[in-house]
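Have a look at the structure below, then the notes.
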Amino acid sequence: MGSLKKMDEVEHDLQVSSNDSPILYVNGVRRVLPNGFAHFTLLEYLRDIGLTGTKLGCGEGGCGACTVMVSQYDTSLRKSLHYAVNACLAPLYSVEGMHVITVEGLGSFRHGLHPIQESLARTHGSQCGFCTPGFVMSMYALLRSSQTPPTEEQIEECLAGNLCRCTGYRAIIEAFRIFAKTSDILYTGVSSLSLQEGQSVCPSTGKPCSCNLNSVNDKYVDSVNDKCVDSVDNKPTSYNEVDGTKYTEKELIFPPELLLKKPTFLNLTGFGGLMWFRPITLQHVLDLKAKYPNAKLIVGNTEVGIEMRLKRIQYQVLVSVMHVPELNVLEATDDGIEIGAAVRLSILLNFFRKVVTERAAHETSSCKAFIEQLKWFAGSQIRNVSSIGGNICTASPISDLNPLWMAARAKFRIIDSKGNIKTVLAENFFLGYRKVDLGHDEILLSVFLPWNKTFEFVKEFKQSHRRDDDIAIVNAGIRVHLQEHSDNWVVADASIVYGGVAPCSLSAIKTKEFLIEKIWDQNLLKNALKILQKDIVIKDDAPGGMVEFRKSLTLSFFFKFFLWVSHQMDGIKESIPLSHLSAVHSVHRPPVTGSQDYEIMKQGTSVGSPEVHLSSRLQVTGEALYADDIPMPPNGLHAVLVLSRKPHARILSIDDLGARTSPGFVGLFLAKDVPGDNMIGAVVADEELFAVEYVTCVGQAIGVVVADTHENAKIAARKVLVEYEELPAILSIQDAINARSFHPNTEKHMNKGDVDHCFQSGKCDRIIEGEVQIGGQEHFYLEPHGSLVWTLDGGNELHMISSTQAPQKHQKYVSHVLGIPMSKVVCRTKRIGGGFGGKETRSAFIAAAASIPSYLLNRPVKITLDRDVDMMITGQRHSFLGKYKVGFTNEGKVLALDLEIYNNAGNSLDLSLAILERAMFHSDNVYEIPNVRIMGRVCFTNFPSNTAFRGFGGPQGMLITENWINRIAVELNMSPEVIREINFQGEGSILHYGQIVEHCPLSQLWSELKLSCDFVKTREEVDQFNTHNRWRKRGIAMIPTKFGISFTTKLMNQAGALVNVYTDGTVLVTHGGVEMGQGLHTKVAQIAASAFNIPLNSVFISDTSTDKVPNSSPTAASASSDMYGAAVLDACEQIMARMEPIASQHKFNTFAELVNACYAERIDLSAHGFYITPDIGFDWITGKGKPFRVADIILDLGYSLNPAIDVGQIEGAFIQGLGWVALEELKWGDAAHKWIPSGWLNTCGPGAYKIPSINDVPLKFNVSLLKGHPNVKAIHSSKAVGEPPFFLASAVFFALKDAILAARIEMGRAEWFPLDSPATPERIRMACLDEFTSSFVNSDFCPKLSV
């Protein structure tokens, strides 16, 4: 990873150009940066020049899909620095004079992959592939910046800023773990001790050879002969400080020109009069501040960028101070540490870590607190560019660092434009909400952090929704200085500062005053907590909500601090109880491990083999194309929707005058401009493409604006002024029930046995009643919704490329709104960056909206939703309310279930009725219940229409069931697992909808899992741990699941495919399914390869296209591999039957010879295959039928078509399910969240909505597939895998509840308690009941939930 030449040799050879134009190197190519692009981000620039491997996932630095590596030469260190950044936030001009490497700069499908890319592809670490380039670049930047191989902990830490929704992370971790190399055996299985003299492990083949490290530089690998071959093109190097560590022969060196290029003053401009300055001296900065008092000083742009793009704050002058030496001072003195305001957080973190090893332990207590807080501060990409000055002066009320600066007695040095310097104590610097003690001509120069005194302790605290890369709910910095007086330790000084409790970081002054000169003992703790409760007051209507939780945290943090300090003093004074130590010890997370246990039942050349995803090598190199990667055709336009800002209102007027005068504006299209029918809908046409007179949710489309750029279209859309008359809104399921607000014809009933008689007969020893609330879930596919639409043949035809699970729905919607035949509309989809049901129906209206201007203007139109808009308008998993009444015996046998179940559909029906029906079908989970009565209703509310999501209502139905199962166990004081076993269904069980359970391995699976995890012993260990630990609890749960496979609407259970065989022996397959990361194309290719008995690489899967396979059902319901695989097999068998007479007459050496012989005989080598799922159907009038093909139970996958891909699906589904039950909370503007504007979604981006990250993966992630159980009813005896594993993550929810119960028992509360889903940190903490929560809530308190 570097140059062969040393620095002085480069300086001698280089002829410095006199051209002072701003330049940038991208993947080794020199580029001159034009003026006028100060508003551009690095991401926009890269994608505009065709480097689309860098993806736009969120636009706020929260997902990591846009990660690239930036290299810059540090003249003071005389070395290049390499670090990962979020290209979506980095201003283009901020990387002037630097070298940017994108995923395309590492390797390519055609010319060879980088080892990072190769490892990720081979270990199945890429599914949909949209996030993959970001992971690759984060890992690459770590390796380039590491002088020694990184540790496993460092690898996981560097990936904390990258999100993946598909894989479950385990495969990614394992792919990159190889680079934490300690010996060659980890790479090759060959021990260095076994090598003969003169041999080494070849870095290319991984085998012993004589091409040692000195001579391998002139060689490459001949992949055919597996030998090292002479080459002059690729020259590897070993580590040097200029360029980093070398891993392959193709690394891009740091451009020699940039080694001698010194930073110069830049004065550039951007859109709307934006001015960009890059001063290189402090005086330059002060002069600019004097001239432009409102100028914003930036380093990483991580706050200002979000303010300008998401909050739409317009700053006219930006001053980049990254290259000002005086602001980058970082040195340790005798009194403390001087930290320049422009010092970046990652540099500061490394400096603190170094200082801690060099100074006396007592001096660095503050440094250690900062180390712990910085470790969890955002992702590495943010830390690499964010400055301490920016973080301080932003004055965020939830800043992680400002409470620590205040508590640690830091001083801020401030300089004005005349050079006058003053010093302000950190605790006096913050004046109010985002207000600081800085004059209009002043800037923060540096921070001074003093060393700590003997027996002075500083500790950090932070509570967030997710452990890493998350903003704080409440944080704190607490310090105490103890001195010994008369055998007692007395508080000489103290500081207690909280964030997240007030408009700015707040010092607990009264508590501090109380502590001074008090003896450090239990009495001090008791009284301090009383004072603190009055000292920190959070109003009931405080922004952010969670008031009770936040109040309790202020007490908990101080209590933990008291225990921590007392523990530090252990041996000097009385010890704290051993059971309390769990509150003191920080959580250490060991590296993730896992096992994948499956059998390979290979059939033919490919079926059953754990092949890698067919597109994985394209995905890891960034060459796989998605909808937004398609180049815009000439004369193309960008579309942005005009959206409602009210949940329910009458439209009085629409004023487009401002939009028409906006730069780049081309047109505004409203309902009156729709050529065809404005009414659309997935099942029932009950929604308008563009609102006509009324809007029924925030985010409803009123029209669409087109302009020359995406940014100009957004600006113009914001200038369309809509006047409303507001109407009452229904904003929850309970509101809908109270108002009888239900979608028409959606009441459903199911009955089995006689529920009323059972309750009245006395057979039930006990009867319980209760409610279960289940929150929604955002799909958070990494690729937002998008379509590119264009006309052909003078506007007579319309084609589109869309990110959708249902191309046929796009074809149908567009045909419908344009009033043209479906035969003239073609929709193509190559792949999508995740879907999970969110792109099944809700993507269609977006494409339809873009088709209006494209058709009327006869110009190409591209629409790509920004992440916040995508989350706001496209719907989520339905929230549910279940009301149950259950009768059971004292032995735990369930006899009767009476259930009312409601889902929140939003403002249109979409698929909500089918989702309700599936929830009703699954409301027994795996339990035999003799008497069942279920009533379901679909609620109309003033929210955007909710839609399909993995599981399609099934998980919600089963979670309600498991809640009352869990309650039965508590009522009877029995283990929940025993209650489950008592009530298991078995072979021949008749379900409440009349279907008979067949081929049921439930008991076997249950027993195998109990044995393999040693459940009984683990239960004992958990109980023992809980007995000995007051402040940390463990839980355990074991949950089964049954999942019906098929569309519950019978007509959708059909599939088509087209197979073409070519004379070179290769096969082209087109089918109606969409590849979205689940490996559908790979499995289908395996089926075709085995059918023709040819290698897998002889089969190619073409785009899914409506002009190749018509009338296809959406890729959903876990049925696509079965249906489309069977359709492809049907087509292959047709062709093989035609070929058989020729094949039987002659012996052919190759398939190609056979094909040519058939071609010579004029045999048709193309076939259309078709498949219908047999023997399914359900009659709602009689309430009986067979809605599902087969019941999949737990991890029974029959004979897997591709076990490696299936394991990835299981892991991904489990982690996604974990997010649903324990992490991901949607917060809407409703009665429960009055601080949010009515009807608006507050959690509309990765900053506020937290999906699981790499730090949430189970430490031991073991997956086993049941062996020896083929499925007689499906293709090659396989079973569906997409949705069934999702609900298994409910075991996390019930394990959490088990742990909470252990905490409640310590307070004498062993009774059953409700716990809504998701079980967020707030719900877990407030359910635990202790002296810190009891001050604010009673025992039955439940935090508010948007349902």
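The residues of the chain are indexed from 1 along the displayed sequence.
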Between [X] and [Y], does any side-chain N to carboxylate O distance fall below 4.0 Å?
X       : Y       : value
Arg413  : Glu338  : yes
Glu427  : Lys411  : no
Glu548  : Arg1325 : no
Lys1234 : Asp541  : no
Arg434  : Glu303  : yes
Glu358  : Lys354  : yes
Glu307  : Lys311  : no
Lys418  : Glu442  : no

What do you reckon, are the aromatic ring centroids of [X] and [Y] less than 6.0 Å apart?
X      : Y      : value
Trp405 : Phe429 : no
Trp520 : Phe457 : no
Phe277 : Tyr292 : yes
Phe455 : His362 : no

Polar side-chain atom of [X] near backbone of [Y] as donor-acceptor pair, under 3.5 Å:
X      : Y      : value
Arg550 : Gly545 : yes
Ser387 : Gly390 : yes
Asp535 : Lys510 : yes
His481 : Thr454 : yes

Note, [X] side chain near [Y] side chain (heavy atom, < 4.5 Å):
X      : Y       : answer
Lys551 : Ile536  : no
Arg466 : Leu1223 : yes
Ser446 : Val329  : no
Pro279 : Phe265  : yes

For the residue pair [Y] / [X], report whether a side-chain donor-acceptor contact shorter than 3.5 Å exists.
X       : Y       : result
Thr302  : Ser386  : yes
Gln381  : Ser138  : yes
Ser1253 : Asn1255 : no
Asn452  : Ser365  : no
Asp287  : Gln283  : yes

Regarding Lys560 and the six-membered ring of Phe558, is the cationic atom NZ or CZ under 6.0 Å from the ring centre and inside 45° of its axis? no
Pi-cation contact, Phe561 with Arg479 (under 6.0 Å, within 45°):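 No, cation not above the ring by the 6.0 Å, 45° rule.
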Rounded to the nearest 0.5 Å, how far does [atom2] of [Y] lie from [atom1] of [X]?
X      : Y      : atom1 : atom2 : result
Ile478 : Phe562 : CD1   : CZ    : 12.5 Å
Glu96  : Ser320 : CD    : OG    : 10.5 Å
Leu282 : Ile443 : CG    : CD1   : 5.5 Å
Asn350 : Leu330 : CG    : CG    : 10.0 Å
Leu268 : Trp276 : CG    : CH2   : 9.0 Å
Ile392 : Leu438 : CD1   : CG    : 10.0 Å

Before giving the answer on salt bridge (Lys or Arg N to Asp or Glu O under 4.0 Å), spell out for Lys1250 and Asp470 the whole-Å C-alpha distance, their side-chain angles and the decisive distance to 0.1 Å. CA-CA 8 Å; Lys1250 297 300 174 182; Asp470 193 5; 3.4 Å; yes
Per the side chain to side chain contact (heavy atoms under 4.5 Å, CB included) rule, which among Leu401, Leu449, Ile337, Ile388 passes with Leu348? Ile388
Please step through salt bridge (Lys or Arg N to Asp or Glu O under 4.0 Å) for the pair Lys518 and Glu513, ending with a clear verdict. CA-CA 10 Å; Lys518 297 293 191 307; Glu513 292 172 349; over 6 Å; no
Using the side-chain contact (heavy atoms from CB on, under 4.5 Å) rule, take His465 and Met546 through it: C-alpha gap first, then chi angles, then the decisive distance, then the call. CA-CA 12 Å; His465 289 287; Met546 300 182 286; 4.0 Å; yes
Checking Trp564 against Phe557 for the ring pair (Phe, Tyr, Trp, His ring centres under 6.0 Å) test, could you report, in this order, the C-alpha distance in whole Å, the side-chain angles of both residues, the deciding distance, and whether it holds? CA-CA 10 Å; Trp564 177 75; Phe557 286 170; over 10 Å; no
Can Glu460 and Lys375 be said to form a salt bridge (Lys or Arg N to Asp or Glu O under 4.0 Å), step by step? CA-CA 12 Å; Glu460 83 299 332; Lys375 181 179 179 182; over 6 Å; no
